[in-house]
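Reading through the structure tokens given below for one structure.
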Amino acid sequence: MPVIARFEGIILRMYLRQKEHNPPHIHAIYGERVGLFMIETTEMFEGDIPLKCQQKIKRFIEHYREELYEMWNSQVFRVLEPVDRREL
């Protein structure tokens with residue numbers, strides 16, 4: 001599962017599509033906590049990520065939504081830079 005971003009102790013990954021299923025989503029890891037976030041709505045639909053980290057992840061998804069969809073559809077992954085802390 002490729003890492004697509006790391007910031008403030010949060011690691012974001014995206015599975016290869018042939019091993020995954022819809023809806024398009026990313027996996028977040030924060031310490032021993034994990035969460036699955038939908039790209040379209042930014043909502044966590046599974047997991048136990050703390051609220052403060054959820055908000056940072058949601059803002060990251062909002063900022064990079066087009067790029068995340070492009071990676072999901074093309075299966076060409078790249079590391080995205082952290083969003084400026086002022087935006088988080």
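In this text, all values refer to a predicted model and were calculated from it rather than measured experimentally. Start at 1 with the first residue, then count along the sequence. Heavy-atom basis, side chains included; hydrogens, waters and symmetry copies ignored.
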Decide whether Ile11 and Phe77 are clustered together by the hydrophobic rule: side chain heavy atoms of Ile, Leu, Val, Met, Phe, Trp, Tyr closer than 4.5 Å, transitively.
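No; Phe77 is not reachable from Ile11 via cluster members.
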For residues Tyr69 and Val83: do they belong to one hydrophobic cluster (side chain heavy atoms under 4.5 Å, members Ile, Leu, Val, Met, Phe, Trp, Tyr)?
yes
Closest non-hydrogen atom pair between [X] and [Y], with its separation:
X	Y	value
Met14	Pro2	O-CD, 3.0 Å
Trp72	Pro23	CH2-O, 4.0 Å
Tyr30	Gly9	CD1-O, 3.4 Å

Atom [atom1] in [X], atom [atom2] in [Y]: separation rounded to 0.5 Å?
X	Y	atom1	atom2	value
Met44	Leu51	CE	CG	9.0 Å
Phe37	Thr42	CZ	OG1	8.5 Å
Ile39	Glu67	CD1	CD	11.0 Å
Gln54	Asp48	CD	CG	9.5 Å

Could you give all pairs that pass the salt bridge (charged side-chain N to carboxylate O under 4.0 Å, His left out) test and reach residues 29-41, with sequence neighbours left out?
none
Going by side-chain contact (heavy atoms from CB on, under 4.5 Å), name the residues that satisfy it together with [X], two or more places apart in sequence or in a different chain.
X	result
Glu46	Leu36
Leu12	Ile4, Ala5, Phe7, Ile10, Ile26, Ala28, Ile57, Phe60
Val34	Ile29

Sorted by chain and residue number, the ring-ring contact (aromatic ring centres under 6.0 Å, His included) partners of Phe45 (sequence neighbours excluded) come out as His25
Among all residues two or more places apart in sequence or in another chain, which pass the salt bridge (charged side-chain N to carboxylate O under 4.0 Å, His left out) test with Glu43?
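Expected list: Lys58.
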Considering only heavy atoms from C-beta outward, does the side chain of Tyr64 approach that of Glu81 to under 4.5 Å?
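Side-chain contact under 4.5 Å: yes.
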I'd like to know if the side chain of Arg13 and the backbone of Met1 have a donor-acceptor N/O pair within less than 3.5 Å.
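Flag set: sc Arg13 to bb Met1 pair under 3.5 Å.
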Which residue is it: Glu66, Met71, Arg65? I am looking for the one with a side-chain contact (heavy atoms from CB on, under 4.5 Å) to Leu68.
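So, applying the side-chain contact (heavy atoms from CB on, under 4.5 Å) to Leu68 and each of Glu66, Met71, Arg65, only Met71 qualifies.
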